[in-house]
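Quick note: numbers below take in every heavy atom, side chains included, and nothing from hydrogens, waters or symmetry partners.
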Amino acid sequence: MENTAKQEVAQRDMMKIIGLFRKNSFRGEYESFEHGDGGQDEYLVTLVDEKTGVKGLFKADLGTGVIEFQHVVTVTE
């Protein structure tokens with residue numbers, strides 16, 4: 001049976017994700033953290049870049065230490 005409810009991301013995992021982003025020179029405001037579909041170490045992270053103000057969606061894998069840009073998130077004002 002499929003678990004349709006997304007699990008919350010633990011605080012310690014958020015800190016690991018932020019550390020991975022900082023190690024790769026990303027700086028900004030983290031808007032959301034969600035578990036990805038690729039396994040327990042994969043997360044989807046929404047980050048607003050502190051220099052440009054651009055909001056992007058990234059896939060971060062704590063197991064491999066890889067961050068992949070997915071797309072720019074557009075905001076209508």
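- Annotation for Q70: atom CD counts as buried by contact number, over 12 foreign heavy atoms lying within 6.0 Å.
- Using a 4.0 Å cut-off between charged nitrogen and carboxylate oxygen, E50 and R27 do not count as a salt-bridge pair.
- Rounding to the nearest 0.5 Å gives a distance of 4.0 Å between CD1 of I67 and CG of L20.
- Hydrophobic clustering, with ILVMFWY side chains joined whenever heavy atoms are under 4.5 angstrom apart, groups F26 together with L62.
- Atoms CZ and CE, from R12 and M15 in turn, are 13.0 Å apart once rounded to the nearest 0.5 Å.
- Put simply, OH on Y43 and NE2 on H35 are 4.5 Å apart, with the number rounded to the nearest 0.5 Å.
- Note that CD of E42 is 8.0 Å distant from CD of E68, once rounded to the nearest 0.5 Å.
- In this structure, CD1 on I18 lies 11.0 Å from CG on D13, to the nearest 0.5 angstrom.
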Residues L57, V45; criterion side-chain contact (heavy atoms from CB on, under 4.5 Å); working and verdict | CA-CA 6 Å; L57 179 67; V45 180; over 6 Å; no
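- Note that CZ of F21 is 6.0 Å distant from CG of L47, once rounded to the nearest 0.5 Å.
- Considering only heavy atoms from C-beta on, V54 stays 4.5 Å or farther from V48 through its side chain.
- With sequence neighbours excluded, the residues that form a ring-ring contact (aromatic ring centres under 6.0 Å, His included) with F33 are Y30.
- Looking only at distances, a side-chain donor or acceptor of D61 sits under 3.5 Å from a matching main-chain atom of G63.
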